[in-house]
Structures are given as structure tokens and as C-alpha cells.
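Just so it is clear, the model here is predicted, and its values are computed rather than measured.
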Amino acid sequence: MQQSQGLGYLNNERNGINPSVFSMMPMSFDASGMPMTPFETPRPGSVPISTLTSALASASSTDRTRMLGEQLYPLVESVEPVHASKVTGMLLEMDQTEVLHLIESPEALETKVAEAMAVLQEAAARSDINDKLGSLALNE
């Protein structure tokens, strides 16, 4: 039996390389699926929209949310570092197409983050008023 010589480049344990090492390194890929060099990468850990869209198409609902969150969170954090987790969660409740647009458009993202922060501030103000009204009722 003849062994194929073309498979020697595969990264697997059979070839002495542990594949889990590669899962820890963030990689970006261009539209053809080829890895991008660090100079072509827009930001660490980001994935081109075409690659992300393809991956989302075959992912479960939970995985889609996670994948979008992994791409969205660092962008939100750069705009609103204090409330990045809460704002990201709020934005992930939007339609997938809208979230993809936010990932692509820094201007749209800044607008939506500002809207989310306004909602959070309004909710906090209402909570403060309700707390004060509640304490008045208890003091009577």
C-alpha cells in the first residue's frame, strides 16, 4: 500500500503537532478562506464579515449569539468600556443583520451604543425614583 505524500502538511497529533495549540491563537481569514497577515487584520480576533456570515449560517441559535457577541464585545468596549457587557447583551437582542451592520460600521455602532446607554440611564433614574417613593411609603 502506498502512503500519500500530500498529507504531511496537516497539523495533527499524528504529525507531532497538538491541534489545541492553534485554537488558542486568534486568526482572521479573508473571503477566500486564507489566513490574513497581521498587517491585513483590522483588529485582533476579528473575522471578516463574509467569513462570519458563512459560519453563522450553519450555527445553532446559541452559537450564533456567541459568535456575534465575540465579535461585537471588543467593539462596544472601545466605545463604552464601563458598561460593555450590558450594552453588548442589549445589542445582541437585535436582528442578526442589524448586528452584522454594527460590526461593519463604527458610526452605526457608536449611535446604537449611545442609544443603549440612554436606555440604561433612564432605567437607573426610574429605579432611583421608585426607591425614593418606596421609602416614603414605608416612613408614613
Please list every donor-acceptor pair under 3.5 Å in which a side-chain atom of residues 78-89 meets a protein atom from a residue at least two apart or in another chain.
from, atom 1, to, atom 2, distance (Å)
Ser78, OG, Leu75, O, 2.7
Glu80, OE2, His83, N, 3.4
Thr88, OG1, Ala84, O, 2.7

Going by the salt bridge (Lys or Arg N to Asp or Glu O under 4.0 Å) test, which pairs reach into residues 53-68, not counting sequence neighbours?
-> Asp63-Arg66, Arg66-Glu70
For Glu98, the salt bridge (charged side-chain N to carboxylate O under 4.0 Å, His left out) test, sequence neighbours excluded, returns none
Same apolar cluster (I L V M F W Y, side chains within < 4.5 Å links), Met94/Tyr73 = no
So, for Pro74 and Gly69, which heavy atoms are closest and what is the spacing to 0.1 Å?
-> CD-O, 4.4 Å
Applying side-chain hydrogen bond (donor to acceptor under 3.5 Å, both in side chains) to Glu93 and not counting sequence neighbours gives none
Applying salt bridge (Lys or Arg N to Asp or Glu O under 4.0 Å), which residue pairs with at least one partner in residues 103-118 are found, sequence neighbours left out?
-> Lys112-Glu115
Who are the side chain to side chain contact (heavy atoms under 4.5 Å, CB included) partners of Ala55, not counting sequence neighbours?
-> Met67
For the residue pair Leu91 and Leu68, establish whether any side-chain heavy-atom pair is separated by less than 4.5 Å.
-> no
State the CE-CD distance between Met117 and Glu122, to the nearest 0.5 angstrom.
-> 13.0 Å
Could you please spell out the steps behind the side-chain contact (heavy atoms from CB on, under 4.5 Å) verdict for Leu72 and Leu109?
-> CA-CA 9 Å; Leu72 188 60; Leu109 177 67; 3.8 Å; yes
OG of Ser105 to CG of Leu100: how many Å apart, nearest 0.5 Å?
-> 12.5 Å
Please identify each residue that fulfils side-chain hydrogen bond (donor to acceptor under 3.5 Å, both in side chains) with Thr97, with sequence neighbours left out.
-> Asp95
